[in-house]
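Structure, as structure tokens:
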Amino acid sequence: MRSPRRTGVLAPITREWLFALLLLSPCLLFTCLFALYPIARSLHLSMHRMILSVPGSGTAFVGLQNFIDLAADPEAAEALWHTIIFVTVSTFLEVLLGLGIALVINRRFRGRGIVRASVLVPWAIPTAVASQLWRFIFSDQYGLLNLAIFGSDIGSYRAWLAEPSAAFTAVIAADVWKTSSFAALLILAGLQIIPDELYEAA
């Protein structure tokens with residue numbers, strides 16, 4: 001038989017756990033609905049063979065054959081390699097520039113509020129708008145980059161987005177420009193919670 005003292009201790013804990021689960025249930029529901037279910041559905045679809053051009057052909061279960069074919073595909077391996085390079089280079093540059101920006105705007109100077117607001121503009125611009133902005137910059141006919149390098153000599157303009165290496169660099173530059181401000185915001189939040197006493201002691 002359970003002792004009354006032990007029952008009195010466990011009952012409030014159980015009620016707290018149930019109340020906590022009740023409060024977390026909306027968040028858990030949305031997470032399962034919009035995160036876990038799409039992942040599970042994608043995994044289920046990846047084990048079936050589908051012909052997108054013939055929707056009525058059905059979906060035959062093939063197990064891991066799709067993954068085996070993907071591993072043997074040289075184009076997929078090249079795309080994976082480019083993705084790794086893109087993530088590594090862009091993340092390094094974003095953190096580095098974000099740290100520099102955060103260190104600058106963390107100091108007290110006149111007009112700091114305006115500078116902070118302007119730094120967040122690239123991150124606040126929608127991705128679709130930012131992509132068209134950078135497409136205009138790298139345009140081979142009227143791009144600002146060609147205008148800055150070659151001036152009015154239109155015959156010397158380069159098609160930056162038609163060259164693989166230049167296009168890859170352009171994508172990295174656009175991503176770094178857009179995301180560095182967000183990295184700066186996160187680092188700035190961390191810098192501001194450091195007490196001034198630590199800087200004085202240092």
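The closest donor-acceptor contact from the side chain of Asn146 to the backbone of Tyr157 lies at 3.5 Å or more, if one exists at all. In this structure, Lys178 contributes its side chain and Ser131 its backbone to no donor-acceptor pair below 3.5 Å.
To the nearest 0.5 angstrom, Ser139 atom OG is 8.0 Å from Leu161 atom CG. Atom OG1 of Thr91 and atom CD1 of Ile172 lie 10.0 Å apart (nearest 0.5 Å). From Leu145, atom CG reaches atom CG of Asp140 across 11.5 Å, with rounding to the nearest 0.5 Å. The line from CG of Leu133 to OG1 of Thr127 is 12.0 Å long, rounded to the nearest 0.5 Å. From Ile105, atom CD1 reaches atom CG of Leu120 across 7.0 Å, with rounding to the nearest 0.5 Å. Rounded to the nearest 0.5 Å, atoms CD (Glu78) and OG1 (Thr83) are 10.5 Å apart.
A 4.5 Å side-chain heavy-atom check between Asp175 and Glu94 finds at least one atom pair inside the cut-off. With contacts defined as side-chain heavy-atom distances shorter than 4.5 Å, the pair Leu64/Met47 qualifies. Contact check for Arg158 versus Ile149: no side-chain heavy atoms found under the 4.5 Å cut-off. At a threshold of 4.5 Å between non-hydrogen side-chain atoms, the residues Ile187 and Leu191 count as touching. The shortest distance between side-chain heavy atoms of Leu147 and Tyr142 does not fall below 4.5 Å.
One hydrophobic cluster holds both Phe150 and Phe136 under the rule that ILVMFWY side chains link at heavy-atom gaps under 4.5 Å. Placement of Leu103 and Leu198 within a single hydrophobic cluster is found when ILVMFWY residues are connected by side-chain heavy-atom separations under 4.5 Å, directly or transitively. Under a hydrophobic clustering in which Ile, Leu, Val, Met, Phe, Trp and Tyr are joined whenever their side-chain heavy atoms come within less than 4.5 Å, directly or via other members, Leu97 and Phe92 fall into the same cluster. Placement of Val115 and Ile101 within a single hydrophobic cluster is found when ILVMFWY residues are connected by side-chain heavy-atom separations under 4.5 Å, directly or transitively. Under the 4.5 Å side-chain heavy-atom criterion for grouping Ile, Leu, Val, Met, Phe, Trp and Tyr, Trp81 is connected to Phe86 within one hydrophobic cluster.
No more than 12 heavy atoms of other residues, nucleotides or ligands shown are found within 6.0 angstrom of CD on Glu75. Within a 6.0 Å sphere centred on CG of Leu18, heavy atoms belonging to other residues, nucleotides or ligands number more than 12.
Pro38 and Cys32 get closest at one heavy-atom pair: CD-O, 4.5 Å. Listed here is the closest heavy atom pair of Ala184 and Ala102: O-CB, 3.6 Å.
Ring orientation note: the planes of His44 and His48 are tilted relative to one another, at an angle of 30° to 60°.
Here Leu23 pairs with Phe19 under the side chain to side chain contact (heavy atoms under 4.5 Å, CB included) rule; sequence neighbours left out.
Within the structure, the ring-ring contact (aromatic ring centres under 6.0 Å, His included) test picks out the following pairs touching residues 168-191 (sequence neighbours left out): His82-Phe168, Trp123-Phe182, Trp134-Trp177.
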